[in-house]
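Below are the structure tokens for one structure; questions will follow.
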Amino acid sequence: MGKIKLTYPDGSMKEVEHGVTGNDIAKSISNGLAKEALAIEVNGEVWDLARAIEQDATVKILKWEDSSGKYAYWHSSAHLMAEAIEFLFPGTKFGIGPPIDNGFYYDIDMGDHTLSPDDLQKIEERMYEFSRRDVPYIREEKTWGEAVSYFKKKNDPYKLELLEGLKNEKVTFYHQGDFTDLCYGPHIPSTGRIKAIKLLNVAGAYWRGDEKNKMLQRIYGIAFPTHEELDEYLTRLEEAKRRDHRKLGKELELFVFHDVAPGAPFWLPHGMIIFRELEKFLRQELDARGYLEINTPMLVKKGLWEQSGHWTHYKENMFYFESEDTTFSLKPMNCPESTYVYRQKLRSYKDLPLRFSEIGRLLRNERTGVLGGLFRVRQITMDDAHIYCRPDQILSEINQLIELITHFYSIFGLVPQYNLSTKPDNAMGHSSLWEQAEANLKQALESNHLTYILKPKEGAFYGPKIDIQIEDAIGRDWQVATVQLDFVMLPERFELEYIAEDGSRKRPVAIHRAIFGSFERFIGILTEHFAGAFPTWLSPVQVAVLTITDAHVEYGKKIVERLKLSNVRAELDDRNEKIGHKIRDWELKKIPYMLVVGEKEMKNNSVAVRRRKKGDQGAMALDEFVQAIQTEIIKKSLTS
RNA sequence: GCCGAUGUAGCUCAAUGGUAGAGCAGCUGAUUUGUAAUCAGCUGGUUGGAGGUUCGAGUCCUCUCAUCGGCUCCA
């Protein structure tokens with residue numbers, strides 16, 4: 001056998017024996033690397049370290065730090081879990097068990113047996129035991145027929161169904177210990193690499209993700225090379241729980257949910273302040289950008305939805321009822337109604353763009369199982385807008401929207417990520433319009449130096465779109481804003497027109513867009529992002545004035561009056577409590593400023609400033625404090 | 001909607017099938033306090049709802065509502 005040429009990530013080349021394995025390569029570089037190596041990338045494909053390389057190739061040893069390395073690690077963890085399950089519960093049928101962004105899962109069918117937390121514990125213990133055996137993951141190529149007869153003997157209908165999709169192909173099996181699975185791989189060298197394991201929860205999951213199929217039991221788990229990393233991960237989960245907006249919303253008295261109104265919050269006074277501040281901010285920004293605010297009816301006749309197409313495509317999500325032989329519906333979207341504002345009079349090309357904004361309350365009949373805190377509600381307050389423009393105005397409108405979105409999120413310290421979805425197969429509308437629009441969207445993103453992820457064919461049937469996700473303080477992504485071009489749904493179905501320069505009637509393009517997505521969802525995200533410690537401009541109470549004794553109550557009242565006159569939300573704490581107690585209470589309420597007032601302050605017309613989490617800041621003249629906090633509020637400063 | 005879990009005082013949680021309890025909050029009183037909890041007393045419940053088993057149900061069973069974790073959905 002001859003030699004082959006390998007190219008390494010640093011560009012260097014090396015001649016090696018034909019049939020060399022990833023293990024050999026790693027060892028030839030260093031023993032340390034060989035210990036850490038999980039898999040190898042060969043010409044862009046991820047392979048097992050034990051697999052022989054038989055041609056010239058570009059290679060890269062993958063470690064835990066590489067996402068493909070992690071995937072192989074978690075994939076192997078899923079197999080280890082399956083081995084433990086099969087050992088403890090013989091006869092279990094296996095669906096699929098892939099790695100995911102955070103760990104792995106396996107879908108299994110255990111007949112009548114329902115997994116309990118106790119079972120999970122047992123499986124986890126068994127996994128540790130099997131890991132300690134430290135046996136290799138072995139790859140084996142099989143013919144399709146061999147594979148089918150294996151799973152027929154094992155009586156596993158799910159694997160047989162998967163094999164149906166691989167007919168007449170070579171398939172691969174992986175073994176470790178007594179467990180064998182149909183699997184593409186790749187896998188890590190041996191079970192001993194899996195050191196720290198935690199099975200997190202059991203959930204139902206439809207076979208192949210189809211509602212019509214049988215529901216299997218899905219076990220989610222995570223694994224790490226060290227216990228420290230596992231602990232760190234579990235701590236992060238705890239942190240996320242601590243920030244949960246449902247918990248904080250209750251504690252900080254922002255909103256409550258009640259059985260009488262599933263899927264709709266009761267906004268409490270403090271939550272409403274945040275809501276109103278966001279509205280104020282939104283209106284201020286939109287006014288400055290030429291938006292015209294409108295408000296359209298909540299209750300409309302069914303005919304509107306028949307015309308828009310919602311009655312056929314969205315009916316199951318709509319609330320509707322009969323009254324005097326007429327079917328009425330609560331609006332689930334604002335878009336169709338905005339066309340009535342457009343059509344209120346004849347529009348000239350000179351009138352465009354028309355930017356109609358609406359803070360609209362929508363009602364959607366979401367299925368009970370999908371509701372969740374403020375993130376998924378039945379009653380939605382959208383910061384909606386519909387921009388009607390000429391095709392030649394698309395680019396400037398998109399540019400303005402990107403500027404608006406970037407500005408908006410920077411205020412909250414949130415970083416938007418952009419996804420561009422292009423023409424799907426079932427698209428409607430002129431292809432020239434599609435091409436121009438997609439080019440405009442791209443151009444707008446690129447000229448603003450924004451990186452974006454292209455999602456081919458994921459646009460709506462009526463136009464391409466840009467979806468915006470934000471990453472919060474602890475690295476989780478949320479879908480919020482959206483900018484959707486629409487050539488069909490509103491313009492065609494509602495026969496929108498404008499009079500062009502040459503006197504002819506032309507069709508405008510509609511742009512649907514939202515910045516927050518919805519107030520409910522956005523406030524939920526903000527609550528978690530800030531862990532309830534809102535920046536001063538959003539904080540329901542901005543200043544708490546704490547008196548030392550009854551002798552200082554009058555002075556305290558004067559300060560609160562002064563702050564309120566300066567548009568600062570202030571409250572007086574003149575309770576008969578020690579100062580330490582008051583501080584603790586307001587600190588737990590996450591109020592940004594506390595002003596302690598006693599003898600000294602009263603004498604000097606000053607306040608002792610204490611900042612949330614930062615402690616005593618020393619005394620300051622009252623005027624000076626008022627000025628400082630006003631500036632902070634006006635600038636919507638993030639650092640309070 | 002589907003699978004599973006949960007539901008006890010305003011909140012966080014206890015209570016072998018045998019008298020529903022604690023801490024916090026609230027109220028009353030004492031205390032007049034200088035940077036994360038002063039002390040004492042008191043109030044507070046159709047155990048989510050409806051049925052059933054039982055001498056007896058917070059506890060067991062059925063149904064139902066809601067919430068949580070997922071799945072599916074989310075123009």
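First the proteins, then the strands, lettered A, B, ... as listed; each starts at 1. For the numbers below, each heavy atom of this structure counts, side chains included, while hydrogens, waters and symmetry mates do not.
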Can you list every salt bridge (Lys or Arg N to Asp or Glu O under 4.0 Å) pair that touches residues 100-114 of chain A, not counting sequence neighbours?
->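 Checked against salt bridge (Lys or Arg N to Asp or Glu O under 4.0 Å) - neighbours excluded - the pairs reaching residues 100-114 of chain A are A:Asp107-A:Arg218, A:Asp109-A:Lys214.
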Touch class at under 4.0 angstrom, heavy-atom based, for A:Met489 against every strand present =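 No contact.
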Answer with base, sugar-phosphate or nothing: what part of the nucleic acid does A:Phe257 contact at a heavy-atom distance below 4.0 Å?
->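 Nothing, no heavy atom under 4.0 Å.
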Select base, sugar-phosphate, or nothing to describe what A:His313 touches, counting heavy atoms under 4.0 Å on all strands.
->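 Base contact.
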Would you indicate which nucleotide in B:A66, B:A36, B:U35 comes nearest to any side-chain atom of A:Glu587?
->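 Comparing B:A66, B:A36, B:U35 against the side chain of A:Glu587, the answer is B:A36.
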Round to the nearest Å and state the distance from A:Ile579 atom CD1 to B:A37 atom P.
->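 Those two atoms, CD1 and P, are 12 Å apart.
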Classify the nucleic acid contact of A:Asp616 as base, sugar-phosphate or nothing, counting any heavy atom under 4.0 Å across all strands shown.
->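 A:Asp616: base contact, heavy atoms under 4.0 Å.
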Side-chain N or O of A:His581 closer than 4.0 Å to phosphate OP1/OP2 of B:A36 =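 Answer no for this pair, as no side-chain N or O of A:His581 is under 4.0 Å from OP1 or OP2.
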Protein proximity profile, nucleotides 3-13 of chain B - base contact B, sugar-phosphate-only contact S, no contact -, cut-off 4.0 Å on heavy atoms | BS------SS-
Using a heavy-atom cut-off of under 4.0 Å over every strand shown, decide if A:Gly517 touches base, sugar-phosphate, or nothing.
->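 If one applies the 4.0 Å heavy-atom cut-off, A:Gly517 turns out to touch nothing in the nucleic acid.
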Using a cut-off of 4.0 Å on non-hydrogen atoms, how would the nucleic acid contact of A:Phe461 be classed: base, sugar-phosphate, or nothing?
->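 Nothing, no nucleic acid heavy atom in range.
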Which is true for A:Gly463 with a 4.0 Å heavy-atom rule: it touches a base, it touches only sugar-phosphate, or it touches nothing?
->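 A:Gly463: no heavy atom of the nucleic acid under 4.0 Å.
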What does A:Arg376 touch in the nucleic acid at a heavy-atom separation under 4.0 angstrom: a base, only the sugar-phosphate, or nothing?
->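 Base contact.
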Where each pair must be Watson-Crick or G-U wobble with both distances under 3.5 Å, what dot-bracket representation of RNA chain B is obtained, with crossing pairs in [ ] and other-strand partners as |?
-> (((((((..((((....[..)))).(((((.......))))).....(((((..]....))))))))))))....
Which sits closer to the 5' end of RNA chain B, A:Gly615 or A:Thr549, going by the nucleotide each is nearest to?
->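 Of the two residues, A:Thr549 wins.
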Describe the nucleic acid contact of A:Gly580 in one word from base, sugar-phosphate, nothing, applying a heavy-atom distance below 4.0 Å.
->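 The residue A:Gly580 makes sugar-phosphate contact but no base contact.
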Would you say a side-chain N or O of A:Tyr105 is under 4.0 Å from OP1 or OP2 of B:G69?
->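 So the side-chain polar atoms of A:Tyr105 never come under 4.0 Å of the phosphate oxygens OP1 or OP2 of B:G69.
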Quick one: the side chain of A:Arg367 and the base of B:U72, do they pair up donor-acceptor inside 3.5 Å?
->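 Present.
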Would you classify A:His310 as touching base, sugar-phosphate or nothing, given that sugar-phosphate means primed atoms plus P, OP1 and OP2, and contacts are heavy atoms under 4.0 Å?
->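 Contact class for A:His310: base.
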Output yes when at least one side-chain N/O atom of A:Arg575 is less than 4.0 Å from OP1 or OP2 of B:G26, else no.
->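 A:Arg575 to B:G26 OP1/OP2: no side-chain N or O under 4.0 Å.
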NA contact type, A:Ala551, heavy-atom cut-off 4.0 Å: base, sugar-phosphate, or nothing?
->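 Touches nothing.
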Ignoring hydrogens and angles, state whether a donor on the side chain of A:Lys331 or A:Thr296 is under 3.5 Å from an acceptor on the partner side chain.
->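 Short answer, yes.
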d(CG, A:Leu371; C1', B:C2) in whole Å =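 Computing the A:Leu371:CG to B:C2:C1' distance gives 14 Å.
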With sugar-phosphate meaning primed atoms plus P, OP1 and OP2, does A:Glu601 contact a base, only sugar-phosphate, or nothing at under 4.0 Å between heavy atoms?
->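 Touches a base.
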Separation of A:Asp550 atom CG from B:A30 atom P, in whole Å?
->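 That distance rounds to 12 Å.
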Just call it for A:Arg218: base, sugar-phosphate, or nothing, with non-hydrogen atoms closer than 4.0 Å on any strand.
->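 Contact class for A:Arg218: sugar-phosphate only.
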Between A:Phe266 and A:Phe257, does the ring centre distance come in under 6.0 Å?
->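 No - the distance between ring centres of A:Phe266 and A:Phe257 does not fall below the 6.0 Å cut-off.
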Look at all strands and tell whether A:Gly209 reaches a base, only sugar-phosphate, or nothing, counting heavy atoms closer than 4.0 Å.
->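 The residue A:Gly209 makes sugar-phosphate contact but no base contact.
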Starting from P on B:A75, measure out to CD on A:Gln484 and report it in whole angstrom.
->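 Computing the A:Gln484:CD to B:A75:P distance gives 8 Å.
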